Every structure is written in C-alpha cells, then in structure tokens.
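Let me give you the structure first, and then I'll get to my questions.
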Amino acid sequence: MTQEPRYFWRRFFALIVDLFLASILAMLFALPLTHAAPEKLRLSEGLFRVHLCQPITSFPQVVTDYIDGREVAEASFCRYRPNLVFPPQYVAEIKILEPKEPGARINRYVELEIATLEDGTLIEPVAIDEVLTALILLLGAAAFLVRGRATPGKALLGLQIVGEGCALCREVRRVGPFVLFSSLETALMALGVGLTVPVAIHATIVLIILAAAAYYYLWPLIRWRGAMRYDRASGFIVTRKSVPPAITP
C-alpha cells in the first residue's frame with residue numbers, strides 16, 4: 001500500500017492564493033453595502049493589511065466595563081486598509097494582561113480589536129464579506145472541480161485533484177467549517193453581543209476553535225501523509241500534475 005505525499009507547503013500556499021482571490025471578490029460585492037451603512041456594516045481585514053497606529057489611554061465606558069478592572073498592557077487607535085487597497089477603516093487594539101496563576105512564569109494576554117469610526121466612536125458592525133468569502137471559496141472550488149480543473153491557487157502551485165467523487169460534498173467538508181464559524185461570528189456581531197461575552201469565555205472559545213481546526217486540518221497531514229478527511233470521504237486525491245496519483249485504501 002502506497003500513501004500519497006503531503007505536499008503541505010504547496011497546498012498551504014495554494015489555499016492562501018484562493019482565499020485571497022475569494023476575499024477580493026467578496027469585498028467587491030460587499031463594498032456598496034458598507035458605503036450605504038458605515039456604522040452597521042464594514043469589510044473584514046482581509047488577508048493583508050498595514051496598520052498606522054497611535055497610543056490611547058482612555059476608553060468609552062462600554063470598553064471599560066468589558067475590561068472589568070484588568071490591567072491594560074497596550075492600547076492603540078489604528079487605521080488600516082483591508083487587503084491593502086480598499087477604503088481605510090479604524091479599530092482600537094487593546095492588549096489586556098491576565099491575572100497570573102500561582103507558580104506561572106509567563107504573563108498571559110488577551111488581545112482585543114474593537115471597531116471604531118474615524119473620530120474614535122465605538123461601533124460593533126457586521127463584516128459581511130467574511131461569510132461571502134467562505135461561500136465563494138466553497139462554490140468556486142466545487143465549480144472548478146466539476147469541470148476537471150484546478151483552482152487558481154492549485155494551478156499556480158502545480159497541483160491537481162483527481163477522483164470521481166462528489167465535488168460539492170468535498171468542498172462542503174473542506175470549507176464548511178469556515179462557513180460555519182464566519183456565519184456564527186457574523187450573527188453575534190449582528191446581534192450586538194460581541195462585547196457582552198466575558199474576556200475569559202472569549203479566549204476559551206478561540207482556543208477551542210484553534211484546537212478543533214488543528215485536529216481537522218493539520219493532524220491528517222501527519223497521520224495520513226496528506227490524505228485529508230474530506231479527500232478520503234469524497235474519493236479524491238490531491239497530487240502534483242507531473243506525478244501519477246497514488247493508490248489509497
């Protein structure tokens with residue numbers, strides 16, 4: 001029995017390329033809506049952004065209540081452009097020092113990013129392009145696979161997908177978690193409850209999501225040498241264009 005190779009870095013950078021292209025399309029679709037309701041809707045950060053920041057020492061009462069007496073290590077008011085090219089947006093970045101547990105040698109921090117208007121007014125908008133990015137990635141990748149073609153990222157990195165399984169099923173299994181998490185985040189933002197979740201619970205949720213993502217996406221690269229769960233379940237193999245696909249059980 002021969003196992004297919006990982007192609008870890010090729011698959012990783014292929015995903016980055018596809019995510020970037022999907023995020024550009026999503027932002028273009030969402031941009032008119034953000035102009036119509038700037039206090040309620042905005043673009044996400046995108047994959048790339050450059051900060052221009054200045055320190056701040058005072059906060060609105062809602063942020064003070066959220067910090068709840070914890071020590072603030074750093075705080076800045078920042079201006080950035082989503083994916084480097086879209087109109088500028090503003091955010092307050094706050095780094096909170098967590099109480100040190102008995103015997104602990106390393107300080108722990110919780111980092112917050114709170115959206116603001118240009119004048120510093122605190123807002124809690126919905127980044128509608130996050131869900132659009134995941135949906136475009138899911139449906140676009142499925143469309144490429146149905147036509148027997150590689151996505152732009154995979155084509156650029158010299159990869160191909162072979163097999164005769166269900167293309168949409170593969171992409172739902174692959175991108176579905178992104179759609180789920182981005183939809184959940186968007187729903188919480190739309191309900192305006194983001195700043196009502198305690199800092200400790202927020203940090204715990206982030207750690208759980210990271211652990212689940214590592215188990216779902218990274219562990220198969222070690223355990224099955226790149227045969228991802230969604231590939232094995234859907235009957236596909238990712239391989240180099242110049243390398244014939246290996247036989248898997």
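Positions are given from 1, in the same order as the sequence printed here. If you're wondering where the values come from, they're calculated on a predicted model, not measured in any experiment.
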| For the atom pair CD1 (I16) and CZ (R11), what is the distance rounded to the nearest 0.5 Å? |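 Rounded to the nearest 0.5 Å, the CD1-CZ separation comes to 14.0 Å.
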| Any L41 side-chain heavy atom under 4.5 Å of P125 side chain |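 Contact flag for L41/P125 side chains = no.
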| field | More than 12 heavy atoms from other groups under 6.0 Å of CD on E118 | value |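 Not buried by this count: 12 neighbours or fewer within 6.0 Å.
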| query | With the 4.5 Å side-chain cut-off for hydrophobic clustering, are W219 and I208 part of the same group? | reply |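 Per the 4.5 Å side-chain linkage, W219 and I208 are not co-clustered.
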| query | Taking it one step at a time, do R229 and Y215 satisfy side-chain contact (heavy atoms from CB on, under 4.5 Å)? | reply | CA-CA 10 Å; R229 288 182 171 84; Y215 175 75; 3.1 Å; yes
| Single-linkage hydrophobic cluster, 4.5 Å side-chain cutoff, V162 and F144 together |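 No; tracing contacts between hydrophobic side chains, which count when under 4.5 Å, never links both residues.
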| Side-chain H-bond candidate by donor/acceptor type, N83 with S23, under 3.5 Å |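 Indeed, the side chains of N83 and S23 share at least one donor-acceptor pair under 3.5 Å.
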| query | Looking only at heavy atoms, which two atoms of I56 and A92 are closest? And how far apart? | reply |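 Smallest interatomic distance, heavy atoms only, reads CD1-CB, 4.4 Å.
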| Value rounded to 0.5 Å, distance of CD in Q160 from CG in L145 |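 Reported to 0.5 Å precision, the distance equals 11.5 Å.
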| Note, F29 side chain near I136 side chain (heavy atom, < 4.5 Å) |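 In short, these two side chains touch, coming nearer than 4.5 Å.
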| query | Tell me, do V172 and L138 make a side-chain contact under 4.5 Å, heavy atoms counted? | reply |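 V172 vs L138: side chains touch.
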| How many angstroms lie between CG in L25 and CG in L135, if you round to the nearest 0.5 Å? |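 Separation between the atoms: 12.5 Å.
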| field | Heavy-atom pair with the smallest gap, counting every atom of S44 and Q89 | value |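 Residues S44 and Q89, closest heavy atoms: O-NE2, 4.3 Å.
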| query | Can you check whether R173 reaches S234 side chain to side chain, under 4.5 Å on heavy atoms? | reply |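 Yes; the side chains approach each other to less than 4.5 Å.
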| Side chains of F77 and C53 in contact at under 4.5 Å (non-hydrogen atoms) |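 Sidechains of C53 and F77: no contact.
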| task | Would you mind listing the cluster partners of V91? Hydrophobic ones only (ILVMFWY), side-chain contacts under 4.5 Å, chaining allowed. | result |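 Same cluster as V91: Y80.
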| field | Non-hydrogen side-chain atoms of K40 and V126 separated by less than 4.5 Å | value |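 Result no, sub-4.5 Å side-chain heavy-atom pair not found.
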| message | Could you walk me through whether I96 and E71 satisfy the side-chain contact (heavy atoms from CB on, under 4.5 Å) test, starting with their C-alpha distance in whole Å, then the side-chain angles of each, then the deciding distance to 0.1 Å, before giving a yes or no? | response | CA-CA 6 Å; I96 301 173; E71 180 181 347; over 6 Å; no
| Working for side-chain contact (heavy atoms from CB on, under 4.5 Å), residues I161 and R170 | CA-CA 11 Å; I161 302 176; R170 178 188 188 271; 3.7 Å; yes
| request: Verify the cluster assignment for F12 and F20: are they in a single hydrophobic cluster under the rule of side-chain heavy atoms below 4.5 Å apart? | output: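 Yes, because F12 and F20 connect within a single hydrophobic cluster, where side-chain heavy atoms sit under 4.5 Å apart.
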| field | Criterion side-chain contact (heavy atoms from CB on, under 4.5 Å) on L137 and L19, from CA distance to verdict | value | CA-CA 7 Å; L137 182 64; L19 269 175; 3.7 Å; yes
| message | Tell me the closest heavy-atom pair linking A26 and L132, and the distance in Å. | response |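 For A26 and L132, the tightest heavy-atom pair comes out as CB-CB, 3.7 Å.
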| query | Shortest non-hydrogen contact from K241 to L159? | reply |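 Result for this residue pair: CE-O, 3.5 Å.
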| query | Are R174 and F236 in a cation-pi setup, meaning NZ or CZ lies under 6.0 angstrom from the ring centre and within 45 degrees of the ring axis? | reply |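 The answer is no, since R174 fails at least one limit relative to F236.
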| task | Quick one: list whatever passes salt bridge (Lys or Arg N to Asp or Glu O under 4.0 Å) with R42, sequence neighbours left out. | result |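 Scan of R42 (salt bridge (Lys or Arg N to Asp or Glu O under 4.0 Å), adjacent residues dropped) gives none.
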| Considering all heavy atoms of both residues, which atom of D129 and which atom of A30 are nearest to each other, and what is their separation? |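 Scanning both residues, the minimum pair turns out to be CB-CB, 4.1 Å.
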| field | Minimum side-chain heavy-atom gap V72-K95 below 4.5 Å | value |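 With C-beta onward as the side chain, the pair stays apart.
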| query | Which of these passes side-chain hydrogen bond (donor to acceptor under 3.5 Å, both in side chains) with H51: E45, R81, R79, E93? | reply |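 Going through E45, R81, R79, E93 one by one, the side-chain hydrogen bond (donor to acceptor under 3.5 Å, both in side chains) with H51 is satisfied by E93 alone.
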| request: Find the distance between CD1 (I123) and OH (Y90) and round it off to the nearest 0.5 Å. | output: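 Answer for the CD1-OH pair, I123 versus Y90, is 11.5 Å.
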| task | Using the ring pair (Phe, Tyr, Trp, His ring centres under 6.0 Å) rule, take Y217 and F178 through it: C-alpha gap first, then chi angles, then the decisive distance, then the call. | result | CA-CA 12 Å; Y217 292 105; F178 289 98; 5.8 Å; yes
| said: Working to the nearest 0.5 angstrom, can you tell me the gap between L43 CG and I128 CD1? | reply: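 Reported to 0.5 Å precision, the distance equals 7.5 Å.
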| Do any pairs count as a salt bridge (Lys or Arg N to Asp or Glu O under 4.0 Å) and have a residue in residues 136-163, sequence neighbours left out, and if so which ones? |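 Non-adjacent pairs meeting salt bridge (Lys or Arg N to Asp or Glu O under 4.0 Å): zero.
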| request: Identify the two heavy atoms, one from F181 and one from I209, that lie closest to each other, and give their separation to 0.1 Å. | output: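 Result for this residue pair: CE1-CG2, 4.0 Å.
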| query | With side chains defined as the heavy atoms from C-beta onward, is the minimum distance between C169 and Y230 less than 4.5 Å? | reply |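 Heavy-atom side-chain distance check fails, nothing below 4.5 Å.
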| Same hydrophobic cluster for F48 and V17, using side-chain heavy-atom links shorter than 4.5 Å among ILVMFWY? |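 Shared cluster, yes.
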| query | Nearest 0.5 Å, what's the CG-CG distance between L210 and L207? | reply |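 Those atoms lie 6.5 Å apart.
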